[in-house]
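All chains are named by letter (A, B, ...) in the order of the sequence lines, taking the proteins before the strands, and each is independently numbered beginning at 1.
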Amino acid sequence: MIDIKLIRENPEKYKSACKNKNVFADIDRLLKIDGELREVKQKLQEIVTEKNAIGKSIPKLDDSEKKEALGKLAAIKDEESEFSEKVKVLEPEFNHLLMHVAQPADEDVPLGKDDTENIEIRKEGSVREFDFEPKDHMQLGLELDMIDMERGVKLAGARNYFLKGDGALLHWAVLRFAMDYMTEKGYVPMAVPLLMRDHAMRGTGYFPGAEEQTYQMERDELSLVGTSEVPVTAYYMNEILAGDQLPKKFVAMSSCFRREAGAAGKDTYGLYRIHQFDKVEQVIICENDNEQSDKFHQEILANSEGVLKALGLPYRVVNVCTGDLGRGQAKKFDIETWMPSRNAYCETHSASKFYDFQARRMNLRYKDPRTKKNVFCHTLNNTVIATPRVLIPIMELYQNADGSITVPQVLREYIGGKEIIK
RNA sequence: GGAGAGGUGGCCGAGCGGCUUAAGGCAACGGUUUGCUAAACCGUCGUACGGGAUAAACCCGUACCCCGGGUUCGAAUCCCGGCCUCUCCGCCA
């Protein structure tokens with residue numbers, strides 16, 4: 001959410017921010033409603049002030065004065081309800097409009113319409129050249145009995161799967177390695193609830209907007225999260241933290257659920273785009289300071305790169321262009337890992353910087369020890385590892401001519417010391 | 001799922017229609033005393049929004065005693081709905 005004061009001061013900035021991000025927000029309408037609402041609220045306040053003053057004097061009045069005062073109050077109350085009705089109409093519209101305004105992208109974010117215009121920052125690692133005909137992860141998964149897509153679909157519909165045997169073990173190995181890697185860096189591990197109320201979904205910026213991507217438990221008014229970013233970032237929602245306790249660094253492992261509505265026919269092959277996966281996610285809550293946000297943005301990016309390097313996977317980092325940024329993100333680095341079967345670098349990580357956009361929505365603040373003021377925190381998050389998507393490059397890049405898969409060194413301790421899957 | 005009790009400031013806890021501008025205590029902060037620490041004493045001690053003044057401290061108003069409605073001239077207090085917590089019982093991995 002954007003501070004309405006900033007929008008009043010510079011509406012053009014937010015109009016172009018929305019335009020560049022392909023986010024619709026009616027800022028003219030917002031400002032019009034804002035002006036009306038402010039006027040009505042001020043008038044209402046004046047009316048209530050008078051009402052309170054008269055009401056307070058009533059016990060001290062004699063009968064005839066009291067009668068007169070009550071008559072006056074009746075008129076005032078009519079006026080009061082007239083104005084409070086106006087507030088009741090204007091305020092929800094105001095809030096609704098404000099929720100849609102996008103966070104402007106940083107100046108060094110490339111202007112672009114969609115992910116095809118993201119800018120590569122650097123490439124790391126070298127892409128393996130095969131001296132045999134490589135198999136894709138589905139062939140390998142089938143032959144080594146690691147993946148069973150057919151029965152996943154039979155029982156749960158399209159984009160569902162079973163991982164079996166070494167497939168399941170490799171999946172968990174990746175997650176456990178990522179958890180250990182992050183907790184060693186001092187990130188506090190968390191296991192989190194996955195069914196969230198709307199206020200957490202709104203607070204993180206997913207609602208309004210991503211309802212179609214979300215499995216919703218209508219009967220219980222809960223939503224299945226698409227990422228543990230939601231519970232972790234919203235953990236301190238509506239709280240005031242002590243400034244000297246920041247930054248808070250968390251790492252959570254959870255299942256993630258996505259309807260993938262509107263993606264029909266896209267990435268239908270294999271384990272790339274699926275309804276349910278597991279992810280280790282890192283979240284930082286820090287002070288309201290752009291330099292700190294930048295610093296931690298680099299930190300969470302470096303953490304994820306460290307994991308990929310440890311796994312020996314080639315990847316590239318891209319600066320995500322405006323058109324591919326979410327409403328709340330000021331800047332985002334995606335990490336794309338090389339996937340031989342797709343013959344491309346494909347998104348495996350997404351490091352987002354929000355400034356106070358999320359914190360403002362969820363009323364997450366800290367007390368600044370210097371000024372003693374309560375200020376909104378900054379929040380950031382990034383994938384540490386998401387699997388089974390990352391099993392695609394692991395299985396494909398570590399395959400051998402005989403159809404076996406070499407287990408990456410760092411994962412062996414999590415898979416019973418096994419070096420080769422065959 | 002059934003029965004009961006309850007949600008008040010950072011925390012504990014009183015208040016149960018106007019005297020609340022929420023008592024009292026704890027914690028915190030500032031000061032006095034002190035060789036230092038502790039203690040004692042004095043003072044300060046919520047948030048948001050609007051208006052005014054300003055270099056700032058500040059002043060005025062409104063709202064907030066879990067949330068949302070209602071009754072009333074007036075609600076922390078009474079009524080209705082919701083959420084949550086605790087105790088007991090039942091069921092259960």
Participant: Quick one: do A:K77 and A:E80 make a salt bridge, cutoff under 4.0 Å?
Facilitator: no

Participant: Could A:R342 and A:Y272 be counted as a cation-pi pair, given that NZ or CZ must be under 6.0 Å from the ring centre and within 45° of the axis?
Facilitator: yes

Participant: With a 4.5 Å cut-off on side-chain heavy atoms, are A:Y366 and A:Q245 touching?
Facilitator: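 Of all side-chain heavy-atom pairs linking A:Y366 with A:Q245, none is under 4.5 Å.
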
Participant: Using purine N1 to pyrimidine N3 plus N6-O4 or O6-N4 for Watson-Crick, or N1-O2 and O6-N3 for G-U wobble, both under 3.5 Å, which nucleotide pairs with B:U62?
Facilitator: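 Pairing partner: B:A48.
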
Participant: According to the Watson-Crick and G-U wobble definitions, with both distances under 3.5 Å, which nucleotide is paired to B:U21?
Facilitator: none

Participant: Taking the nucleotide of RNA chain B with the nearest heavy atom to each, does A:E80 or A:I240 sit closer to the 5' end?
Facilitator: A:I240

Participant: Using whole Å, report how far CD of A:E91 lies from P of B:A48.
Facilitator: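 That distance rounds to 17 Å.
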
Participant: Polar-atom pairs under 3.5 Å, protein N or O versus N or O of nucleotides 77-84 of chain B: list them with distances, or write none.
Facilitator:
unit_1, atom_1, unit_2, atom_2, d
B:C83, O3', A:R197, NH2, 2.7
B:C84, OP1, A:R197, NH2, 2.8

Participant: Could you state the CG-P distance from A:D3 to B:C49, rounded to the nearest angstrom?
Facilitator: 8 Å

Participant: If I pick the P atom on B:G7 and the same atom on B:C67, what distance separates them, to the nearest angstrom?
Facilitator: 13 Å

Participant: For a quick check under 3.5 Å, do A:E229 and A:T379 share a side-chain donor-acceptor pair by atom type?
Facilitator: no

Participant: What closest approach, in Å, do A:R327 and A:H100 show between heavy atoms, and which atom pair accounts for it?
Facilitator: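 For A:R327 versus A:H100, the nearest heavy atoms are CD-O, 3.2 Å.
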
Participant: Can you give me the closest heavy-atom contact between A:I285 and A:L246, atom names plus distance?
Facilitator: O-CD2, 3.7 Å

Participant: Rounding to the closest angstrom, what is the interatomic distance between B:A14 and B:C26 at atom C1'?
Facilitator: 15 Å

Participant: Just checking A:K43: base, sugar-phosphate only, or nothing, at a heavy-atom cut-off of under 4.0 Å?
Facilitator: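 The answer is nothing, as A:K43 stays clear of every strand by at least 4.0 Å.
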
Participant: Provide the distance between the two C1' atoms, one in B:G13 and one in B:A76, to the nearest whole Å.
Facilitator: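 Comparing C1' positions in B:G13 and B:A76 gives a spacing of 14 Å.
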
Participant: B:U72 pairs with which nucleotide, Watson-Crick or G-U wobble, both distances below 3.5 Å?
Facilitator: none

Participant: Look through every strand shown and name the nucleotide pairing with B:C29 as Watson-Crick or G-U wobble, where both distances are under 3.5 Å.
Facilitator: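 B:G43 is the nucleotide pairing with B:C29.
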
Participant: Measure CG/A:D78 against P/B:C73 and give the value in whole Å, please.
Facilitator: 12 Å

Participant: Taking atom types as modelled, find out whether A:K279 and A:T227 have a side-chain donor-acceptor pair closer than 3.5 angstrom.
Facilitator: yes

Participant: For nucleotides 61-67 of chain B, which of its nitrogen or oxygen atoms have a protein nitrogen or oxygen under 3.5 Å away, and what is each distance?
Facilitator:
unit_1, atom_1, unit_2, atom_2, d
B:G61, O3', A:T49, OG1, 3.4
B:G61, O2', A:Q45, NE2, 3.3
B:G61, O2', A:T49, OG1, 2.9
B:G61, N2, A:Q45, OE1, 3.1
B:G61, N2, A:Q45, NE2, 3.4
B:G61, N3, A:Q45, NE2, 2.9
B:U62, OP1, A:N52, ND2, 3.2

Participant: Partner lookup for B:U77, please. Criteria are Watson-Crick or G-U wobble with both distances under 3.5 angstrom; report none if nothing qualifies.
Facilitator: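 B:U77 is paired with nothing.
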
Participant: To the nearest Å, give me how far apart CZ (A:R38) and C1' (B:G51) are.
Facilitator: 11 Å

Participant: Looking only at atom C1', what distance separates B:C45 and B:G24, rounded to whole Å?
Facilitator: 15 Å

Participant: Just the rounded figure in Å: distance from C1' of B:U47 to OH of A:Y366.
Facilitator: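 The distance from OH of A:Y366 to C1' of B:U47 comes to 17 Å, rounded to the nearest Å.
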
Participant: Could you please name the partner base of B:G6, counting Watson-Crick and G-U wobble pairs only when both distances are under 3.5 Å?
Facilitator: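 Partner of B:G6: B:C84.
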
Participant: Taking the C1' atom of each, how far is B:A27 from B:G81, in whole Å?
Facilitator: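 Each nucleotide's C1' atom is 38 Å from the other's.
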
Participant: Is A:K164 salt-bridged to A:D145, cutoff N-O under 4.0 Å?
Facilitator: yes

Participant: Donor-acceptor pairs are to be reported for all side-chain atoms of residues 247-257 of chain A against protein atoms at under 3.5 Å, with residues two or more places apart or in another chain.
Facilitator:
unit_1, atom_1, unit_2, atom_2, d
A:K249, NZ, A:E299, OE1, 3.4
A:K249, NZ, A:E299, OE2, 2.8
A:S255, OG, A:D278, OD1, 2.7

Participant: Could you please name the option among B:G50, B:A48, B:C73 that lies closest to any side-chain atom of A:L73?
Facilitator: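 Output: B:C73.
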
Participant: A:Q329 and A:S352: side-chain donor and acceptor closer than 3.5 Å?
Facilitator: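 Yes, side-chain donor-acceptor contact under 3.5 Å.
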
Participant: With rounding to whole Å, what would you report as the distance between B:C60 and B:A53 at their C1' atoms?
Facilitator: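 These two C1' atoms come out 11 Å apart once rounded.
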
Participant: Within the structure, does a side-chain N or O atom of A:K367 lie under 4.0 Å from either OP1 or OP2 of B:G46?
Facilitator: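 For A:K367, the contact criterion (side-chain N or O under 4.0 Å from OP1 or OP2 of B:G46) is not met.
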
Participant: What's the CD-C1' distance between A:E39 and B:G51, to the nearest Å?
Facilitator: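 Roughly 15 Å, once rounded to whole Å.
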
Participant: Roughly how many Å apart are B:G30 and B:G68, using the P atom of each and rounding to a whole number?
Facilitator: 37 Å

Participant: Indicate yes or no: does A:D166 engage A:K422 in a salt bridge with an N to O separation below 4.0 Å.
Facilitator: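 No, A:D166 and A:K422 are not salt-bridged.
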
Participant: Using the P atom on both, measure B:U44 against B:C59 and round to a whole Å.
Facilitator: 12 Å

Participant: Taking atom P of B:C49 as reference, at what distance in whole Å does atom CG of A:L44 sit?
Facilitator: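 Roughly 18 Å, once rounded to whole Å.
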
Participant: Before accepting this row, confirm whether a basic side-chain N of the pair A:R273/A:E260 lies closer than 4.0 Å to the acidic partner's carboxylate O.
Facilitator: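 Yes, this pair counts.
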
Participant: What is the pairing partner of B:U54, taking Watson-Crick or G-U wobble pairs with both distances under 3.5 Å in any strand?
Facilitator: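 Partner of B:U54: none found under 3.5 Å.
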
Participant: Out of B:U47, B:C73, B:G51, which nucleotide sits closest to the side chain of A:L70?
Facilitator: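 Out of B:U47, B:C73, B:G51, the nucleotide with an atom closest to A:L70's side chain is B:C73.
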
Participant: Taking CG from A:D34 and C1' from B:G50, how many angstroms apart are they, rounded to a whole number?
Facilitator: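 From A:D34 CG to B:G50 C1': 12 Å.
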
Participant: Paired with B:G35: which nucleotide, if any, by Watson-Crick or G-U wobble criteria at under 3.5 Å for both distances?
Facilitator: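 Per the H-bond distance test, none.
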
